[in-house]
Structures are given as C-alpha cells and as structure tokens.
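Just so it is clear: chains get the letters A, B, ... in the order the sequence lines come, proteins before strands, and each one is counted from 1. Owing to the predicted nature of the structure, the values given are computational and were not obtained by experimental measurement.
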There are 2 protein chains.
Amino acid sequence: MSAITPDETVLGLLAAQARHGYQLLDCFQDPRKLGRVWKLSTSQLYNVLKRLEREGAIVGCEVASESGPPRTEYTLSAAGQARLSAWLNEPNPSSSIRRVRVEFLSRLFIARALALPTSAIVHRQREACLRERERLAAEHSMAQSSIESLTLAFVVEQLDGVLRWLSTCETLLASN
Amino acid sequence: MSAITPDETVLGLLAAQARHGYQLLDCFQDPRKLGRVWKLSTSQLYNVLKRLEREGAIVGCEVASESGPPRTEYTLSAAGQARLSAWLNEPNPSSSIRRVRVEFLSRLFIARALALPTSAIVHRQREACLRERERLAAEHSMAQSSIESLTLAFVVEQLDGVLRWLSTCETLLASN
DNA sequence: GCAAACTATTCCATGTTAGAATACCGGGCG
DNA sequence: CGCCCGGTATTCTAACATGGAATAGTTTGC
C-alpha cells in the first residue's frame with residue numbers, strides 16, 4: 001500500500017450505506033463532501049471498485065432501478081470491514097504533506113460519517129507529524145548544500161503548519 | 001503542460017553543460033544536488049530525454065567513451081534554450097504546494113547553476129502564492145461544510161508556511 | 001413519439017512506472 | 001591468459017493509471 005488511492009475511503013462510504021458507482025462518484029465530486037479532498041475521474045472510481053471486488057473487500061450486486069439504467073450496488077464484506085477499521089486505526093499514519101491533506105481528511109470524514117470518535121485519529125496524526133518534524137529538523141542541521149537545506153526547511157515549515165492546523169481541527173471537532 | 005515533470009530542469013542542467021543520461025541521473029539522485037527535490041527512476045529520466053529529443057528541445061549525439069560503453073550526449077537546441085528561459089521567467093508560477101516544493105526549487109537551483117539572478121524568480125513566486133492565498137481564504141469564508149472548511153484551512157495554512165519560507169529564501173540568497 | 005437531459009458504466013489509446021535485462025568496459029585474480 | 005566482477009550506460013517489458021469518448025437505458029419536455 002504505497003500509492004495514494006481512495007480505496008479505503010470508498011470502503012468507508014460503503015460501510016455507512018450500500019451504494020453504486022455513480023453515487024460514490026458524486027461523493028467524490030461534491031465540494032461539500034469529498035470533492036475538495038479528492039479529484040477523481042469516472043474511470044478511476046470504477047477502477048477502484050473493480051479492484052476492491054477482485055480483492056474481496058466488497059461485493060457487487062446488479063440491481064434494476066426504477067428510474068434509470070440498471071446499476072451495481074456494492075456492499076462491504078467482512079474482509080472489507082476489517083480493512084476499513086485497520087485503516088481508521090492506523091497507528092502510524094503517513095506524515096507526508098499530501099497524505100495528511102488527503103488521507104487524514106478522508107479518515108476524519110469517514111469516522112464522522114460512521115459516528116466514530118475522532119480524537120484518537122487526530123492524536124495519532126499529530127504524533128506522527130511531530131516525529132517526522134524532528135527527524136527532518138535533524139537532517140536539516142546536517143544538510144550539505146544550500147538546495148538540500150532549503151528543501152528540508154520547506155518541509156519542516158510545512159509540518160509546522162500541519163501541526164498548527166491539527167490543533168484547530170481538535171478545537172473544531174471538540175466543539176463539534 | 002499540466003503534469004509535473006523534470007523536463008525543464010533537465011534543459012537547465014544541459015544548458016550549464018552537455019551531459020548524457022547517466023550523469024543527469026546522478027544530479028537527480030545526489031541529495032546535495034536535486035536528490036531531495038526529485039525522486040527519479042532510471043527509466044523516467046531516459047523517458048524525459050526521449051521526449052525532449054522528439055520535441056526538438058535537445059539533440060543527442062552518440063559518443064564513444066574511453067572508459068565504458070558508448071553514451072549519448074545531449075545538447076540544448078535553440079528551441080530548448082527558448083523553452084528554458086520561458087520556464088525560468090514564468091510570470092505566473094503555480095502555487096500548488098507540491099509544485100512550489102519541486103518546480104520553484106528547481107528553478108532556483110538551475111538559475112544559480114547558470115549564474116542568473118534569482119530575486120525576480122522568488123518575487124514572482126511570492127506574488128503568485130499571495131494571490132492564491134487570498135483566493136482560497138475567500139473560498140474558505142464561503143465553505144458550506146466542515147470538511148470543505150477544514151480542507152481550505154489546511155491549504156491556507158500551508159501557503160502561509162510557504163510565504164514564510166520564501167522570506168528565508170530571500171534572506172539566504174541575498175547573503176549568498 | 002422524438003429529442004434532450006440525466007443516470008450509470010465500460011472502453012480505448014496513451015502515458016507512466018518500477019525494476020529487470022542488456023551491454024560494454026577495465027581490473028584483479030588464479 | 002581467461003574469467004568474473006563491479007561500475008557505467010541504456011533499453012525493455014509488463015502492469016497499471018488516466019482522461020475522455022462511447023455506450024446505453026430512462027425519464028421529461030414539447
């Protein structure tokens with residue numbers, strides 16, 4: 001699991017409610033939902049569904065619709081449930097800037113959609129970012145060229161921003 | 001030119017000095033050079049060279065080596081020169097976080113390698129980031145859901161970090 | 001009853017990617 | 001002298017991602 005894919009996020013959406021591709025696509029395009037977080041094309045989303053089904057995390061079932069063409073409605077399997085909760089409880093989330101922006105926000109969104117507590121998720125993310133910040137600050141102090149130094153300073157600065165932002169997350173989620 | 005590729009950076013390296021693929025690869029892997037900025041595999045780099053040659057920006061010339069297999073040494077064409085300087089003087093550089101981290105740092109590295117002034121480059125990047133920050137802050141104030149609001153707050157926070165970091169860039173480059 | 005718009009999914013050509021495979025050379029070693 | 005090894009330099013391959021067009025069914029407006 002190296003690349004950054006919406007797979008687990010799809011599992012989360014399906015855990016909240018069985019859906020078909022087109023509905024999921026809407027979640028990923030509506031800016032009030034995940035549209036600001038992910039930017040998925042049609043084929044990408046249907047690719048994810050195909051992959052998840054192949055891996056046995058979800059089960060598709062062709063259903064006739066009263067209004068429109070037939071659709072394939074997907075449901076979580078037990079394996080999918082397990083994978084989803086492993087993802088939500090990830091002890092050491094990635095602290096790459098992009099991943100925080102995408103994965104962490106997705107986790108938060110899914111946890112809230114499932115009415116699960118979010119404080120542990122935020123806390124683990126904060127810890128991971130703090131560790132990474134320290135690691136990079138140490139590397140920064142040993143940089144051997146100005147470009148290396150500037151690059152590391154950039155990432156440290158970004159992580160400081162993330163940490164500050166995580167604080168506002170905590171505040172907002174506490175006052176809910 | 002939508003995706004984020006090292007094409008222009010390669011042009012810059014070749015402008016400083018004619019090189020073959022393996023040497024370029026070294027620049028992109030040595031952490032004291034561009035190794036912290038880009039993470040390129042062999043085939044990626046050779047793909048870039050093939051593309052640039054197909055587009056007429058560079059010219060390859062097979063050379064026998066005294067120590068090792070023959071190599072293809074690349075030189076900038078006039079078109080390549082033009083493209084490079086358009087890239088260096090880009091009036092409205094992207095302010096996506098990832099692009100700043102990668103493209104802007106590459107511009108800086110190349111400008112310094114070519115002994116060109118850097119202050120205009122930094123200034124244009126700062127202006128672009130400021131504009132984008134204001135645009136996103138305005139969108140943030142109109143967010144219609146908590147996830148949308150958090151996402152926009154994240155990016156605004158990151159851009160604030162970028163702006164602070166650009167200041168330290170200016171200081172460091174001035175004291176040179 | 002026909003066109004247009006919406007719902008839903010698949011297909012296709014192109015490009016990207018990691019990593020294996022190839023190939024060439026000089027030097028050390030038995 | 002023959003051979004293998006490690007560094008140099010590039011190409012190949014198979015798998016996967018991507019955007020956008022194509023398909024196809026259904027309702028709605030006129």
Taking NZ, NE, NH1 and NH2 as the nitrogens, is one of them in A:Arg126 or A:Glu170 under 4.0 Å from a carboxylate oxygen of the other?
-> yes

Tell me, with the steps shown, if A:Trp87 and A:Thr9 meet side chain to side chain donor-acceptor pair (under 3.5 Å).
-> CA-CA 9 Å; A:Trp87 180 71; A:Thr9 310; 5.9 Å; no

Among the nucleotides D:dG19, C:dA18, D:dA9, which one has an atom lying closest to any side-chain atom of B:Arg71?
-> D:dA9

Would A:Tyr22 and A:Leu11 show up in the same hydrophobic cluster when neighbours are defined by side-chain heavy atoms closer than 4.5 Å?
-> yes

Length of the OH-C1' vector between A:Tyr22 and D:dA24, whole Å | 13 Å

Write down the distance between CD (B:Glu62) and C1' (D:dT10), rounded to a whole number of angstrom.
-> 10 Å

Electrostatic pair B:Arg164:A:Glu157 at N-O distance under 4.0 angstrom | yes

Atom-pair distance (CH2 on B:Trp38; C1' on C:dT16), nearest Å | 14 Å

Mind listing the N/O atom pairs, protein and nucleotides 11-17 of chain D, below 3.5 Å?
unit_1 : atom_1 : unit_2  : atom_2 : d
D:dA17 : OP1    : A:Arg51 : NH1    : 3.2

Atom-to-atom span, CD1 of B:Ile4 to P of C:dT16 - whole angstrom | 13 Å

Grab the CD-C1' distance between A:Gln23 and C:dA8 for me, whole Å please.
-> 11 Å

Intermediate values then yes/no, ring-ring contact (aromatic ring centres under 6.0 Å, His included), A:Trp165 and A:Phe104 | CA-CA 12 Å; A:Trp165 173 80; A:Phe104 171 73; 5.7 Å; yes

Contact check, side chains of A:Glu148 and A:His140, non-hydrogen atoms, under 4.5 Å = no

Would you tabulate the nitrogen or oxygen pairs shorter than 3.5 Å linking the protein to nucleotides 23-27 of chain C?
unit_1 : atom_1 : unit_2  : atom_2 : d
C:dG26 : OP1    : B:Glu66 : O      : 3.2

Charged N-O contact under 4.0 Å between A:Glu132 and A:Arg135 | yes

Does any donor atom in the side chain of B:Glu103 or B:Ser106 lie under 3.5 Å from an acceptor atom in the other side chain?
-> no

Starting at atom CD of A:Gln29, determine the distance to atom P of C:dA8, rounded to an integer number of angstrom.
-> 13 Å

Rounding to a whole Å, what distance do you find between B:His20:NE2 and D:dT8:P?
-> 10 Å

In whole angstroms, how far is the P atom of C:dT17 from the CG atom of B:Leu40?
-> 9 Å

Would you call A:Glu55-A:Arg83 a salt bridge at under 4.0 Å N-O?
-> yes

